[in-house]
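Worksheet: one structure, shown below.
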Amino acid sequence: MASEFDLIARYFTRAAPAGLLGVGDDCALFPVPPGEQVATSTDLLLEGRHFFPDVDPKALGHKALAVNLSDLAAMGARPVGCVLGLALPRLDEPWLAAFADGFHALADAHGCPLIGGDTTRSAHDLAISVTVFGAVAPGQALRRDGARPGDDVWVSGELGAADVAYRLLDGQYPADPALLAATRDALEWPQPQVALGLALRGIAHSAIDISDGLLQDLGHILAASRVGASLHYERIPVAAALASMDEAPLRRAVLGGGDVYQLCFTAPASRREAVLAAARSAGARAARIGEIRQQAGLDVQDGQGRTLADLPAGFDHFPAA
Ligand code: ADP
Ligand code: MG
């Protein structure tokens with residue numbers, strides 16, 4: 001029977017890069033480059049709430065880190081390292097091995113080594129907590145409060161697929177194996193836009209990653225920046241797999257669907273070419289979907305300039321009664 005320490009040694013201990021003290025001591029140590037600040041963020045993932053109990057453990061390991069790297073991306077911070085808290089209801093080594101594989105593969109891809117954590121037994125469900133550390137120069141972080149009237153609103157990638165995959169897996173939509181096959185990777189293997197966030201430093205005025213839905217997350221930028229926005233629905237890039245969907249659920253997926261982990265950001269209209277060049281350099285797509293204005297509020301217009309009614313709300317863990 002493997003002990004806690006065997007598990008940590010087997011699945012979570014990797015040689016730390018030079019200059020870092022990784023797993024094995026009371027604390028991890030990592031240098032902060034002179035003149036830079038630490039950017040840090042934590043996300044908690046709970047079985048039944050953030051993932052289905054039978055999800056592929058390798059995908060889960062990937063996603064647990066991806067959602068945190070996405071926060072660094074949205075801040076324009078460069079990943080430095082991460083720590084992992086695990087509450088495990090049972091000891092299932094093949095499951096742990098696959099989870100660790102998915103986690104380390106993404107950590108390696110982004111130069112964000114696992115340098116510590118905590119492992120305990122859970123009396124109930126599985127819980128996963130990841131904290132990431134990044135570095136960014138003072139004044140360069142892409143904050144939520146920097147949007148200004150005259151900025152364009154941009155979004156990276158394509159929207160909608162993760163919401164549709166979630167509703168198919170949750171049984172909210174009738175089974176459709178072809179549609180699930182075409183959307184599932186968007187939900188289970190999100191790709192954090194770290195390179196894009198870094199490339200947008202000095203260009204974007206504000207940024208957020210889309211975890212709870214485009215409208216809700218853009219709403220956080222608007223509130224923090226005390227501005228409003230108009231979006232043009234037909235300019236929002238939609239996942240090709242959704243081409244045959246009905247208009248109402250499609251709109252809900254695009255405007256309100258969470259788990260996207262693309263960036264929504266604003267930049268002055270004078271920097272359009274710079275935004276497109278930054279996206280190209282990061283291997284990402286960026287689409288200009290609207291404008292920031294002085295007047296508060298958020299509206300979405302269709303191709304004829306008519307304002308859409310009944311906009312979907314995003315996800316809220318504690319919705320008001
Ligand atoms: P402590 O008693 O000081 O909390 P632990 O015995 O819990 O230390 O952990 C031993 C070492 O293993 C520490 O360096 C800790 O950071 C690391 N560790 C524990 N669990 C994990 C995990 N899930 N992932 C990465 N490192 C871990
Ligand atoms: Mg401990």
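When a ligand or atom number is given, it counts from 1 through the structure's own listing order.
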Do other residues, nucleotides or ligands put more than 12 heavy atoms under 6.0 Å from R226 CZ?
no
For ligand 1, which atoms have a heavy atom of L84 less than 4.0 angstrom away?
22 (C), 23 (N), 24 (N)
Quick one: look at I8 and ligand 1, take heavy-atom pairs under 4.0 Å, and tell me if it's side chain, backbone, both or neither.
side chain
Heavy-atom distance to atom 13 (C) of ligand 1: which of V23, D26, I115, D25 wins?
D25
Give a yes-or-no answer on whether the side chains of S206 and R143 include a donor-acceptor pair shorter than 3.5 Å.
no
Is there a polar contact between ligand 1 and G24, counting only N or O atoms under 3.5 Å apart?
yes
Can you name the atoms of ligand 1, numbered from 1 with element, that are less than 4.0 Å from a heavy atom of F12?
23 (N), 24 (N), 25 (C)
Could you check whether E47 and H124, counting side-chain N and O atoms only, form a donor-acceptor pair closer than 3.5 Å?
no
Which class fits the ring pair F265 and W154: parallel under 30°, tilted 30 to 60°, perpendicular over 60°?
parallel
Pairs of nitrogen or oxygen atoms closer than 3.5 Å, one from F5 and one from ligand 1: do any exist?
no
Does ligand 1 come near enough to L114 that some N or O of the ligand is less than 3.5 Å from an N or O of the residue?
no
Over 12 non-hydrogen atoms of neighbours within 6.0 angstrom of CG in D170
yes
Modelled atom types, side-chain donor and acceptor of Y166 and Q172, under 3.5 Å:
no
